[in-house]
Enquirer: 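Please find one structure pasted underneath; my questions will follow.
Just so you know, these numbers use all the heavy atoms, side chains as well, and skip hydrogens, waters and symmetry mates.
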Amino acid sequence: TIIGCIPFVAGMWLAQGNLSLVLFAAAGVAIGAIMPLLRFEAYERFEWTYRETFGMLLEPIHRRFVLQGVVRGIEGAALFVLWPLFLFIYLMPDFAVLGAVFTASILILLALRNLSHRGHAVRQPVLASAIVGGAWVARMTPAGPLAAVIAQAVGGIPQTAIPSLHETHDVVADGGSFLDEITTLKEISLGIGRLLLVLIFVAVITLHGVDAAFAAAFLLAAFCAASAEYLGNLREETL
């Protein structure tokens, strides 16, 4: 709930011209989060060298979750970077309104997920992939703040098994709960997906302009989200 209220509070501060206050607050939170790790004692060794870790990304046994991490990273980058930018440029050039939209969508998603059974609101692979893919297509033409909230909330309903994707506009491997070699590979895969989307966006915006870049990025995010959701639900049904 606190995370959900942060966009609105930050939007109000920005609307009043307090950009430095927002940045200093973010820096303070980041420093505060690091402090407990100063006395962190690790008893497990990381078995791979730096070069071996990247080489493991190409191993066939890791191919499935590496590919899934890449497509999830693409969707996560679209949520974290391009979706807020799109709303601000085209629909809501007001920080307070933009913050309210994101706070409303996050709180609605949290409420829906608490009501869903075992954390899965939609389990059918075809239906779940259609919802998340369609939500990304709908995001390209929202009519206003209410439509943006609906698109964000509906798109996040099926993805209840993914830690923090739509609540915090990002996704972390294994819920950020583990620190081992496989989780590291997953995080690297997510990073590759984020980087790919940004590079594609920059390339398209350079060649064809802003409108085409947003359209291409959102369509790519729709394809990746629908594919990952379909395969994830299909695997759960099989299990």
Enquirer: Does the side chain of Gln152 reach to within under 4.5 Å of the side chain of Leu79, using non-hydrogen atoms?
Expert: yes

Enquirer: Would you say the side chain of Ile106 lies within less than 4.5 Å of the side chain of Ile6, judging by non-hydrogen atoms?
Expert: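 No; the side chains remain at least 4.5 Å from each other.
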
Enquirer: If we ignore hydrogens and angles and just use 3.5 Å, is the side chain of His62 paired with the main-chain N or O of Met56 as donor and acceptor?
Expert: yes

Enquirer: Taking Thr103 for the side chain and Gly4 for the main chain, is one N or O donor matched with an acceptor at less than 3.5 Å?
Expert: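 A pair under 3.5 Å: yes.
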
Enquirer: Treating Asp180 as the side-chain partner and Thr183 as the backbone partner, does any N or O pair qualify as donor plus acceptor under 3.5 Å?
Expert: yes

Enquirer: For Glu52 and Glu47, work out which heavy atoms get closest and say how close.
Expert: OE1-O, 4.2 Å

Enquirer: Which atoms form the tightest heavy-atom contact between Phe201 and Ala217, and what is the distance?
Expert: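 Looking at all heavy atoms of both residues, the closest pair is CD1-CB, 4.1 Å.
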
Enquirer: Are Phe80 and Ile74 joined in one hydrophobic group, where the rule is that I, L, V, M, F, W and Y side chains link up if heavy atoms are under 4.5 Å apart?
Expert: yes

Enquirer: State, with a plain yes or no, whether a side-chain heavy atom of Phe102 is found less than 4.5 Å away from one of Leu87.
Expert: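 Yes, at least one pair of side-chain atoms sits under 4.5 Å.
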
Enquirer: Quick one: closest heavy-atom pair of Pro145 and Val97, and the distance?
Expert: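 Looking at all heavy atoms of both residues, the closest pair is CG-CG1, 4.2 Å.
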
Enquirer: Between Phe223 and Phe218, does the side chain to side chain contact (heavy atoms under 4.5 Å, CB included) criterion hold? Intermediate values first, please.
Expert: CA-CA 9 Å; Phe223 173 78; Phe218 282 14; over 6 Å; no

Enquirer: Closest approach of Ile3 and Pro7, non-hydrogen atoms and distance?
Expert: O-CD, 3.3 Å

Enquirer: Are any of the side-chain heavy atoms of Phe65 and Ile182 separated by less than 4.5 Å?
Expert: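 Phe65 reaches Ile182 side chain to side chain.
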
Enquirer: Can you say whether the rings of Phe88 and Phe95 are parallel (under 30°), tilted (30 to 60°) or perpendicular (over 60°)?
Expert: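 If you compare the ring of Phe88 with that of Phe95, the planes turn out parallel.
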
Enquirer: Side-chain contact, heavy-atom cut-off 4.5 Å: Trp13 with Phe8?
Expert: no

Enquirer: Between Leu23 and Leu19, is any pair of side-chain heavy atoms under 4.5 Å apart?
Expert: yes

Enquirer: Looking at Val126, is its backbone amide N or carbonyl O close enough to the side chain of Ser129 to form a donor-acceptor pair, meaning the two atoms are under 3.5 Å apart?
Expert: yes

Enquirer: Evaluate the side chain to side chain contact (heavy atoms under 4.5 Å, CB included) criterion for residues Leu196 and Leu220: first the C-alpha distance (whole Å), next the side-chain angles of each, then the deciding distance (0.1 Å), finally the verdict.
Expert: CA-CA 11 Å; Leu196 280 176; Leu220 178 59; over 6 Å; no

Enquirer: Under the side chain to side chain contact (heavy atoms under 4.5 Å, CB included) criterion, do Val204 and Ile200 qualify, and how do the steps go?
Expert: CA-CA 6 Å; Val204 177; Ile200 291 171; 4.2 Å; yes

Enquirer: Check whether any side-chain heavy atom of Val66 lies under 4.5 Å from a side-chain heavy atom of Arg63, and answer yes or no.
Expert: no

Enquirer: Taking all heavy atoms of Ala215 and all of Met140, pick out the closest pair and write down the distance.
Expert: CA-SD, 3.8 Å

Enquirer: Which heavy-atom pair separates Ala135 from Ala151 by the least distance, and what is that distance?
Expert: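 Between these two residues, the closest heavy atoms are CB-O, 3.9 Å.
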
Enquirer: Leu82 vs Leu197, test: side chain to side chain contact (heavy atoms under 4.5 Å, CB included). Steps then yes/no.
Expert: CA-CA 10 Å; Leu82 300 186; Leu197 183 71; 4.0 Å; yes

Enquirer: Should the ring pair Phe86 and Tyr90 be called parallel, tilted or perpendicular, given that the plane angle runs from 0 to 90° and is split at 30 and 60?
Expert: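 Rings of Phe86 and Tyr90: tilted, 30 to 60°.
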
